[in-house]
Peer 1: 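First the structure, then my questions, so here it is.
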Amino acid sequence: MNVIYLNGQFMPKQKASISVLDRGFLFGDGVYEVIPVFCKKPVGLNLHLERLQRSLQAIHIQLPRFTQQSISIFKELILLNHLEDKNFSFYIQITRGVSTERLHEFTLDLTPTVMVCCKSLPQYSNEVLQKGFKAILMPDHRRQECYVKSINLLPNVLAYQKAKEVGAIEAILIKEGYAVEASSSNLFIVKDNTLITPPLSPKILAGVTRQIIIQLAKENHIPVIERNIKENELYDADEIWVTGSSKEICPITRIEGHSINAKKVGPLWYTINQLYQAYKQTEQPLW
Ligand code: PDD
């Protein structure tokens with residue numbers, strides 16, 4: 001996965017560089033996407049590209065043709081990196097571009113910096129998944145615009161790092177007494193055979209995996225409610241999952257010293273995970 005795309009060219013990642021005046025470097029002024037790919041089949045491709053356009057629009061970067069161009073960039077990266085039969089993810093990062101000096105204000109005539117590379121996906125064995133994972137709770141220190149997939153991830157990075165330091169898979173973020181999402185994933189709980197997940201709002205990222213899970217649940221007559229989840233409800237949940245493009249659906253069986261479902265992965269996780277794995281197979285290959 002050595003070859004990357006940067007501003008119209010494919011090159012080894014060791015040779016790729018950007019200006020120190022790039023506003024992504026100076027201000028975190030940019031957005032990103034992560035698209036998982038299984039043997040040439042991207043999962044939720046259009047949903048990811050639509051969200052990318054929404055993020056770009058939200059921060060006033062115009063790049064309407066990227067959606068179309070991206071497909072040929074993706075194909076070329078697969079070929080150049082020999083990933084035809086591999087599982088990996090595309091990482092796309094677009095920043096506002098290079099300024100003449102470090103000024104907070106921007107003009108609309110900058111040429112955005114566009115980078116696409118391929119990243120490995122975490123591989124959890126069935127044995128690991130069936131044990132479930134630990135999660136911690138952390139205050140949500142992010143600002144309001146969490147629906148924008150911004151590269152400005154300092155609060156997320158610090159929360160995730162804290163989780164890793166104590167052997168947890170994620171930090172679930174608490175805002176004003178409610179569990180909103182995790183540092184790099186969305187949140188679901190199960191109570192009385194019903195899936196519950198916080199509703200879409202500027203407080204969370206509209207996860208593609210979240211959307212697919214809701215769709216699969218509805219198609220399979222599993223009740224889903226989108227509503228706010230109180231912090232206390234976590235301890236009392238029958239199941240807790242964190243979901244995202246890289247992690248997929250990770251069952252949480254331990255949270256801040258409490259056991260969830262007597263530390264056993266719950267039955268609905270098995271059902272939804274199976275549906276999700278089957279769904280991945282139905283996605284269209286890039287060619
Ligand atoms: N993270 N919430 C946050 C804060 C995220 O960063 C992510 C994704 C999600 C899940 O979104 P999706 O299902 O579309 O991947 C929710 C990515 C994978 C990352 O930062 O690497």
Side-chain angles (χ1 to χ4, degrees), residues 34 121-144 146 153-201 203-207 209-210 213-214 217 222-274 276-277:
V34 179
L121 280 170
Q123 303 274 313
Y124 300 120
S125 65
N126 281 340
E127 204 187 346
V128 168
L129 282 169
Q130 287 169 17
K131 274 201 190 126
F133 298 91
K134 176 171 154 181
I136 59 167
L137 304 184
M138 290 284 288
D140 188 353
H141 289 310
R142 298 172 303 164
R143 293 174 191 275
Q144 285 303 319
C146 300
L153 288 171
L154 187 58
N156 308 59
V157 166
L158 294 177
Y160 193 77
Q161 177 67 13
K162 193 88 189 161
K164 288 285 138 175
E165 281 168 11
V166 298
I169 194 169
E170 256 295 14
I172 296 174
L173 303 177
I174 307 294
K175 200 179 194 86
E176 292 153 8
Y178 290 91
V180 288
E181 62 176 338
S183 71
S184 62
S185 38
N186 288 116
L187 173 71
F188 283 82
I189 65 168
V190 176
K191 191 70 192 165
D192 301 330
N193 297 313
T194 298
L195 269 182
I196 306 169
T197 192
L200 292 186
S201 80
K203 290 181 194 161
I204 67 167
L205 183 78
T209 321
R210 173 190 179 279
I213 291 169
I214 292 174
I222 297 166
V224 189
I225 302 178
E226 293 179 60
R227 68 154 173 83
N228 294 324
I229 298 172
K230 288 204 181 101
E231 178 182 344
N232 295 348
E233 285 184 82
L234 293 176
Y235 302 117
D236 201 29
D238 298 333
E239 300 185 30
I240 301 178
W241 314 334
V242 291
T243 69
S245 296
S246 313
K247 292 190 181 65
E248 300 194 336
I249 310 170
C250 286
I252 304 297
T253 48
R254 285 149 291 149
I255 195 166
E256 296 286 333
H258 294 253
S259 301
I260 307 301
N261 194 37
K263 288 198 194 148
K264 291 213 167 54
V265 172
L268 220 52
W269 179 82
Y270 285 94
T271 307
I272 291 284
N273 189 50
Q274 212 165 34
Y276 186 76
Q277 298 308 325

Peer 1: Below 4.5 Å, heavy atoms only, C-beta onward: do Arg143 and Pro155 meet side chain to side chain?
Peer 2: no
Peer 1: More than 12 heavy atoms of other residues, nucleotides or ligands under 6.0 Å from CD of Glu226: is that the case?
Peer 2: yes
Peer 1: Between Ala159 and Leu173, what is the shortest heavy-atom contact and its length?
Peer 2: CB-CD2, 4.0 Å
Peer 1: List the atom of Ala168, the atom of Ala135, and the distance in Å for their closest heavy-atom pair.
Peer 2: CB-CA, 4.0 Å
Peer 1: Hey, what do you get for CD (Gln161) to CD (Glu165), rounding to the nearest 0.5 Å?
Peer 2: 4.5 Å
Peer 1: Look up atom OH in Tyr124 and atom SG in Cys250, then write down how far apart they are to the nearest 0.5 Å.
Peer 2: 5.0 Å
Peer 1: Taking all non-hydrogen atoms of both residues into account, name the closest pair between Ile189 and Ala237 and its distance.
Peer 2: CB-CB, 4.0 Å
Peer 1: Does a side-chain heavy-atom distance below 4.5 Å link Ile204 with Arg210?
Peer 2: yes
Peer 1: Compare every heavy atom of Gly244 with every heavy atom of Ser185, then report the nearest pair and how far apart it is.
Peer 2: CB-N, 4.4 Å
Peer 1: Is the side chain of Thr197 donor-acceptor paired with the backbone N or O of Leu187 at a distance under 3.5 Å, no angle test?
Peer 2: yes
Peer 1: Tell me the ring-ring contact (aromatic ring centres under 6.0 Å, His included) pairs involving residues 165-194, sequence neighbours left out?
Peer 2: Phe188-Trp241
Peer 1: Please round to the nearest 0.5 Å and tell me the distance separating atom NZ of Lys134 and atom NZ of Lys263.
Peer 2: 10.0 Å
Peer 1: Strictly distance-based, threshold 3.5 Å: is any side-chain N or O of Asn186 a donor or acceptor partner for the main-chain N or O of Leu205?
Peer 2: yes
Peer 1: Please list, chain by chain and in numerical order, all residues satisfying side-chain hydrogen bond (donor to acceptor under 3.5 Å, both in side chains) with Arg254, sequence neighbours excluded.
Peer 2: none
Peer 1: Taking salt bridge (charged side-chain N to carboxylate O under 4.0 Å, His left out) as the test, write out the residues that go with Lys191, two or more places apart.
Peer 2: Asp236, Asp238
Peer 1: Hey, are the side chains of Asn261 and Val190 touching, using non-hydrogen atoms and a 4.5 Å cut-off?
Peer 2: no
Peer 1: Would a distance-only check, ignoring hydrogens and angles, find a side-chain to backbone donor-acceptor pair under 3.5 Å from Glu231 to Ile174?
Peer 2: no
Peer 1: Does Gln144 have more than 12 heavy atoms from other residues, nucleotides or ligands lying within 6.0 Å of its CD?
Peer 2: no
Peer 1: Quick one: does Glu170's side chain have a donor or acceptor within less than 3.5 Å of a partner on Val242's backbone?
Peer 2: no
Peer 1: Roughly how far, to the nearest 0.5 Å, is CH2 of Trp269 from CD1 of Ile252?
Peer 2: 11.5 Å
Peer 1: How close do Thr253 and Val265 get, counting heavy atoms only, and between which atoms?
Peer 2: CG2-N, 3.9 Å
Peer 1: Output all residues satisfying salt bridge (charged side-chain N to carboxylate O under 4.0 Å, His left out) with Lys175, sequence neighbours left out; order by chain, then residue number.
Peer 2: none
Peer 1: I need the Thr271 OG1 to Ile222 CD1 distance, nearest 0.5 Å.
Peer 2: 5.5 Å
Peer 1: Can you measure from CG (Leu153) to CG (Leu158) and round to the nearest 0.5 angstrom?
Peer 2: 10.5 Å
Peer 1: Considering non-hydrogen atoms only, spot the tightest contact between Pro199 and Asn228 and give its length.
Peer 2: CD-OD1, 3.4 Å
Peer 1: Using modelled atom types only, decide if a donor and an acceptor are shared between the side chain of Thr209 and the backbone of Ile249 within a distance under 3.5 Å.
Peer 2: no
Peer 1: Would you indicate whether the side-chain heavy atoms of Leu234 and Glu256 approach each other to under 4.5 Å?
Peer 2: no
Peer 1: I'd like to check the salt bridge (charged side-chain N to carboxylate O under 4.0 Å, His left out) partners of Glu181; sequence neighbours left out, ordered by chain and number.
Peer 2: Arg142
Peer 1: So, using salt bridge (charged side-chain N to carboxylate O under 4.0 Å, His left out) as the criterion, who are the partners of Glu233 when residues are at least two apart?
Peer 2: Arg227
Peer 1: How about Lys164: does its NZ atom have over 12 heavy atoms from other parts shown lying under 6.0 Å from it?
Peer 2: yes
